Trainee: 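I have a structure I would like to understand better, so I am pasting it below and will then ask my questions one at a time.
Just so it is clear, the model here is predicted, and its values are computed rather than measured.
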Amino acid sequence: MAINDVDRAELKALAASAELREDARHITANRHNPFLVDGEVDGDRVLEFLDQYNAFMNHPVEPATPFLETNMKL
């Protein structure tokens, strides 16, 4: 999809905007990852999220079934 000249000029003006760059810096500085604790992924938080997401999506919990693979190839 080609960008017309008016849209291209608007994008260039926005890219040169100091306010837009400052907003981007502010968003980056205040970024929050709810799964990280002291810089490492917390497995309990990930599992809690997945449980809540499955409940939200109405997915039934399926029991774990062991499997035996006889022909494993890399």
Trainee: Could you list the donor-acceptor pairs under 3.5 angstrom formed by side chains in residues 35-49, with sequence neighbours left out?
Mentor:
unit_1	atom_1	unit_2	atom_2	d
Asp42	OD1	Asp44	N	3.3
Arg45	NH1	Pro34	O	3.0
Glu48	OE2	Gln52	NE2	2.7

Trainee: Could I get the full list of salt bridge (Lys or Arg N to Asp or Glu O under 4.0 Å) partners for Arg25, not counting sequence neighbours?
Mentor: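 Salt bridge (Lys or Arg N to Asp or Glu O under 4.0 Å) list for Arg25, sorted by chain: Glu22.
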
Trainee: With Asn30, which residues qualify under side chain to side chain donor-acceptor pair (under 3.5 Å), at least two apart?
Mentor: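 Only His26 meet the side chain to side chain donor-acceptor pair (under 3.5 Å) criterion with Asn30.
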
Trainee: What pairs meet the side chain to side chain donor-acceptor pair (under 3.5 Å) rule with one or both residues in residues 2-18, with sequence neighbours excluded?
Mentor: none

Trainee: Less than 3.5 Å apart, which donor and acceptor atoms pair up between the side chains of residues 66-74 and the rest of the protein, not counting sequence neighbours?
Mentor:
unit_1	atom_1	unit_2	atom_2	d
Glu69	OE2	Asn71	N	3.4

Trainee: Who clusters with Leu11? Use side-chain heavy atoms, under 4.5 angstrom, across I, L, V, M, F, W and Y, and order the result by chain and number.
Mentor: Ile3

Trainee: List, by chain and number, the other hydrophobic cluster members for Leu14, where Ile, Leu, Val, Met, Phe, Trp and Tyr join if side-chain heavy atoms come within less than 4.5 Å, directly or indirectly.
Mentor: Leu20

